[in-house]
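Right, one structure below, let's go through it.
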There are 2 protein chains.
Amino acid sequence: MARSDTSKGCGEGAIAFAPHDHARCRRAAIEDARARCAAAGLRLTPVRERVLEILLESHAALGAYDVLRRLTDEGAVPQPPIAYRALDFLVAHGFAHRIEKLNAYVACTASAETHDPVFMICRDCKAVAELPSAPVARDLEREAERIGFDIGRTVVEAEGLCPGCRAESAS
Amino acid sequence: MARSDTSKGCGEGAIAFAPHDHARCRRAAIEDARARCAAAGLRLTPVRERVLEILLESHAALGAYDVLRRLTDEGAVPQPPIAYRALDFLVAHGFAHRIEKLNAYVACTASAETHDPVFMICRDCKAVAELPSAPVARDLEREAERIGFDIGRTVVEAEGLCPGCRAESAS
DNA sequence: GGGTCTCTGTTACAAGATAACTTTTCGATT
DNA sequence: AATCGAAAAGTTATCTTGTAACAGAGACCC
Ligand SMILES: [Zn+2]
Ligand SMILES: [Zn+2]
Ligand SMILES: [Zn+2]
Ligand SMILES: [Zn+2]
């Protein structure tokens with residue numbers, strides 16, 4: 001098996017659910033964002049980078065107002081649009097994702113351009129794992145073709161219990 | 001092909017996108033709800049039935065406040081909890097579904113107990129088609145097993161253009 | 001015909017999101 | 001370096017979506 005480690009220096013899939021060197025995880029994600037912005041001529045401004053850092057503090061999803069509160073703690077008293085604009089930028093360019101089920105946001109853990117991943121959301125510890133969507137996307141595309149539907153974007157989210165929390169609750 | 005017609009007297013899949021006898025569609029859905037409630041000892045009260053009827057007026061998704069407005073037009077001045085409670089009941093028992101991407105609700109078009117279907121949402125005419133989720137659910141289950149995740153509920157929604165609106169925009 | 005439980009009515013508010021306008025910052029151009 | 005235009009940040013105000021909490025009415029069971 002031993003697939004090579006391509007996701008920003010983190011694990012091979014459900015990094016969010018596995019114990020790992022998260023400090024490294026964060027650094028890698030920030031550096032990746034910096035690099036990709038530089039390459040694409042995007043401006044990773046201080047607010048935007050700070051919001052990404054806040055999201056990267058854990059693999060749990062944060063609401064826009066959670067992010068805003070964290071910004072507020074740091075001096076200024078930012079208003080909602082500040083957080084929403086930064087989040088919109090991060091989502092638009094694939095550095096973060098919006099979790100529809102939670103009205104919340106997570107940092108991306110799968111270095112790539114914009115993509116429509118599959119998310120697994122732990123209802124206990126709130127961690128969100130991002131998985132490649134290839135098989136699911138194929139099925140959806142097949143169904144869509146059958147009925148003549150032209151798919152733009154997809155939302156695929158599963159809510160349940162992560163390995164860690166299963167172990168705990170089974171005790 | 002000619003699969004037999006099992007969905008509440010409507011078509012074989014994307015009924016929402018196909019021209020059809022919608023009056024019959026509505027009647028069938030209401031009668032099905034009455035029958036299933038009677039069988040299961042559930043109370044399809046006037047508010048609940050009225051809300052289901054409102055959702056059934058079209059295959060587009062309605063926000064809770066849209067539903068509330070429609071109720072308000074009819075005399076009394078109901079408050080949000082009225083609509084939310086009725087919608088919660090309908091969703092809990094599979095008579096309607098919540099579309100996370102839209103924060104809105106649609107009547108179910110697939111006679112069955114609670115289920116986690118796949119939705120295709122037309123960004124133009126706002127119609128929402130409900131499709132069986134078997135293949136997608138299998139993929140998700142396989143992925144979940146791989147990483148040790150225990151799936152509870154799933155959200156699978158695709159936004160795009162329905163056959164009808166594709167034809168129009170291609171003109 | 002009393003007790004319990006579910007549903008409804010009502011108030012009040014929390015949480016999520018955006019419209020619209022002003023000021024600042026940045027980067028390119030002269 | 002001064003100027004200009006575009007993009008981002010700051011600000012105000014408002015809108016949409018969703019709940020908590022409690023009081024009253026009605027159904028249902030004995
Ligand atoms: Zn990590
Ligand atoms: Zn967990
Ligand atoms: Zn119909
Ligand atoms: Zn359409």
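We name chains A, B, ... by the order of the sequence lines, and we start the count at 1 in each one. Fair warning: this is a prediction, and the values are worked out from it, not measured in the lab.
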| In degrees, rounded to 10°, what is the bend between the two ends of the helix from C:dG1-D:dC30 to C:dT30-D:dA1, using five pairs at each? | 30°
| request: Walk along DNA chain C from 5' to 3' and tell me the first and last nucleotide with an atom closer than 4.0 Å to a non-hydrogen atom of chain A. | output: C:dG16 to C:dC26
| Members sharing A:V128's hydrophobic cluster (side chains within less than 4.5 Å) | A:I99, A:L102, A:V106, A:F119, A:I121
Quick one: which protein N/O atoms are closer than 3.5 Å to N/O atoms of nucleotides 15-26 of chain D? Pair and distance per line, please.
| unit_1 | atom_1 | unit_2 | atom_2 | d |
| --- | --- | --- | --- | --- |
| D:dG18 | OP1 | B:R98 | NH1 | 2.9 |
| D:dG18 | OP1 | B:R98 | NH2 | 2.5 |
| D:dG18 | OP2 | B:Y84 | OH | 3.0 |
| D:dG18 | O5' | B:Y84 | OH | 3.3 |
| D:dG18 | N7 | B:Y65 | OH | 2.6 |
| D:dG18 | O6 | B:Y65 | OH | 3.2 |

| Selection residues 140-160 of chain A - residue pairs positive for ring pair (Phe, Tyr, Trp, His ring centres under 6.0 Å), sequence neighbours left out | A:F149-B:F17
Which atoms form the tightest heavy-atom contact between [X] and [Y], and what is the distance?
X      : Y      : result
A:L44  : A:C37  : CB-SG, 3.8 Å
A:A83  : A:V67  : CB-CG1, 4.4 Å
B:P132 : B:P135 : O-CD, 4.4 Å

| query | Does some side-chain heavy atom of A:I30 sit less than 4.5 Å from a side-chain heavy atom of A:R26? | reply | no
| Closest-nucleotide ordering on DNA chain D, the 5'-leading residue of A:A86 and A:Q79 | A:A86
| note | With sequence neighbours left out, the residues meeting salt bridge (Lys or Arg N to Asp or Glu O under 4.0 Å) with B:E53 are B:R50
| request: Show your working on side-chain contact (heavy atoms from CB on, under 4.5 Å) between B:V77 and B:Q79 and close with a plain yes or no. | output: CA-CA 7 Å; B:V77 185; B:Q79 299 303 304; 4.2 Å; yes
| query | Once the angle between the rings of A:H20 and A:H22 is folded into 0 to 90°, is it parallel (under 30°), tilted (30 to 60°) or perpendicular (over 60°)? | reply | perpendicular
| said: Check this for me: does any side-chain nitrogen of one of B:K101 and B:E157 sit under 4.0 Å from a carboxylate oxygen of the other? | reply: no
